[in-house]
Undergrad: 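I am attaching a structure below and will ask some questions about it afterwards.
What you see is a predicted model; the values in this text were computed from it and never measured. Here is how names work: the chains are called A, B, and so on, in the same order as the sequence lines, proteins then strands, and each is numbered from 1.
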Amino acid sequence: MNGKKETFEPINEGFIGMYICGPTVYSDVHLGNCMTFTKFDLIYRYLLYLGYKVRYVRNITDVGHLLDDGEDRISKGARIDKLEPMEVVQKYTNGFHDMMRIFNNKKPSIEPRATAHIIEQIEMVQQILDNGYAYEANGSVYFDTIKFAKEGKGYGQLSGRKIDDLIAESRDDLKNQGDKRHPSDFAIWMKADENHLMKWKSPWSLGFPGWHLECSAMSTKYLGPTFDIHGGGNDLKFPHHENEIAQNMGSCNCQPANYWLHTNMLLMNGRKMSKSDGNTITPTQLLTGNSEHITQSFSPMALRYFMLHSHYRSTLDLTNEGLIAAEKTYKRLMETLETLEQINSSVVTGTEDETIMKSLKEMHMHMMDDFNSPRAIASIFEIIPKINTHKSNDAKDTIGKDVLTSLKKELSEMIIDVFGLYNEKEVNGDSNTVDGLMQLLIELRANVRANKDWASADKIRDGLTGLKIKLKDGKDGTEWSYE
RNA sequence: GGUCGCGUGGCCGAGCGGUUAGGCAGAGGUCUGCAAAACCUCGUACAGCGGUUCGAAUCCGCUCGCGACCUCCA
């Protein structure tokens, strides 16, 4: 609320209520959307990892978003595609869910839709009216920001806006401004015109709820009047979150959330993504490689790693080079996990135990400090060379038994459970068959190599390279991986 | 125009008063039939110009660039 980091204290020991503003489902998911929800997924996963019982609510906005000309976004989508509004909603909700699954985001505990909570929203409008923080005009109901602000309720506090500025502000080029007493007032109920497709009965008019209202109503319904964490993209800070606070304060005089988290924007090549100047890319294009901005396709997990390798509060710059680096780093992480499965220890105390335990501790410390995933990853990379050294070290004495056990447990928990990365190699097709075939080929090649028949050995290796399979001849035999 | 934030080595990205972030790329080396991988070593970076300080990437001011919000947006 004050724009600073604070020590987190849950309202109820052991439980966390978290509300994240979800997407408006009127077109295909934007990449930035994917990143935001992936970053909150990391936060959700880490809270679960810490043992909290988390109720994670993420809404689907399927009504109430106005375009510049005052038309509902969903209705507009419906007109263009010649579909029922709910058909549009379903189509893009499905697409959104598919993308969330592809990026391995956990499903929220509750995913409420705005249109399924019209009654709750009407009730909230009534409460705000009853409390005197709203007024009706021509069938629409507006929130009275000036009265609210003058009573010291803190309008503008979250986004750092000053009341005087708001009062002084008087832009006259806004639409639907006619009935408002002041430009900063906002609609909590809108009267629908005849052509409007989505409308409901209310005490004031046949109309639809204002777009900030759904989050207030639904978060209250499922998490209570005040809950722990509220999050969303940076661009929602004002006016959306500010108005949400006003609505909650206006209806029940309570702050909706104790802690606000805002993710920062995704850029491409140092500039904002913008359809108009072509500086844009879709999740699908990244996955297929079908874009002039990239030289190859990227796997879902490579992309997920890319998104998580920057802090949630920082902007992230998407570049071809950066993506390629992320893909390699992700693979190295997975190979480390594989190596960890294979190795064992022959000593109680290893020579590297101390530094490894220190790095593990730091990894946790960084996650505890405002979910600093980049630093946590750096700690993991402090450990990786030690794992590889232990592997090639015949004495197996650099890592002690106990340390190796906790290393196996904690790294896989952090990488798989918290970061949500899985090994794509293992789910890539029928892994048992492929594994068997590869073992066979590796054995055959070992035979010809023993006979110093390098030509045959290289033929096998080159052939596999053509299939994007890489062979690595090590001390203890040959290993393989997908390129 | 107003409010706020950012500008870090070839690239991505942490740090935010004194200590090596980390990754990718690049260079050298060890190992290896060769290759790849792995391991070791290396770059001495903080937009520019001033100021504060024993000491600044980190604080202050100005300039330039980028971005967010102010109007729908994750």
Undergrad: Base, sugar-phosphate or nothing for Leu236(A)? Non-hydrogen atoms, less than 4.0 Å.
TA: sugar-phosphate
Undergrad: Say you pick atom C1' in G13(B) and the same atom in G9(B); how far apart are they, in whole Å?
TA: 12 Å
Undergrad: Can you pull out every salt bridge (Lys or Arg N to Asp or Glu O under 4.0 Å) where at least one residue sits in residues 352-367 of chain A? Sequence neighbours excluded, please.
TA: Glu352(A)-Lys386(A), Lys358(A)-Glu362(A)
Undergrad: Just how far, in rounded Å, is C1' of C4(B) from CE of Met265(A)?
TA: 14 Å
Undergrad: Which residue pairs pass the salt bridge (Lys or Arg N to Asp or Glu O under 4.0 Å) test with at least one member in residues 18-30 of chain A, sequence neighbours excluded?
TA: none
Undergrad: Take atom C1' in A14(B) and the same atom in A57(B), then report the distance between them in whole Å.
TA: 12 Å
Undergrad: Output one letter per nucleotide in nucleotides 28-40 of chain B: B when a protein non-hydrogen atom lies under 4.0 Å from the base, S when only the sugar-phosphate is that close, - when neither is.
TA: -----BBBBSSSS
Undergrad: Under 4.0 Å, heavy atoms only, any strand: does Glu382(A) hit a base, just the sugar-phosphate, or nothing?
TA: sugar-phosphate
Undergrad: I need a per-nucleotide contact map over nucleotides 5-19 of chain B, read 5' to 3'. Cutoff is protein heavy atoms under 4.0 Å; write B for the base, S for backbone only, - otherwise.
TA: -----BSBSSS----
Undergrad: For residues 29-45 of chain A, which residues have at least one heavy atom under 4.0 Å from RNA chain B?
TA: His30(A), Gly32(A), Asn33(A), Thr36(A)
Undergrad: From A74(B), C24(B), C70(B), pick the nucleotide closest to the side chain of Thr24(A)?
TA: A74(B)
Undergrad: Using Watson-Crick and G-U wobble pairs with both distances under 3.5 Å, what is the 5'-to-3' dot-bracket string of RNA chain B, with [ ] for crossing pairs and | for pairs outside the strand?
TA: ((((((((.[[[)....(...]]].(((((.......)))))....[[[[[..)....]]]]])))))))....
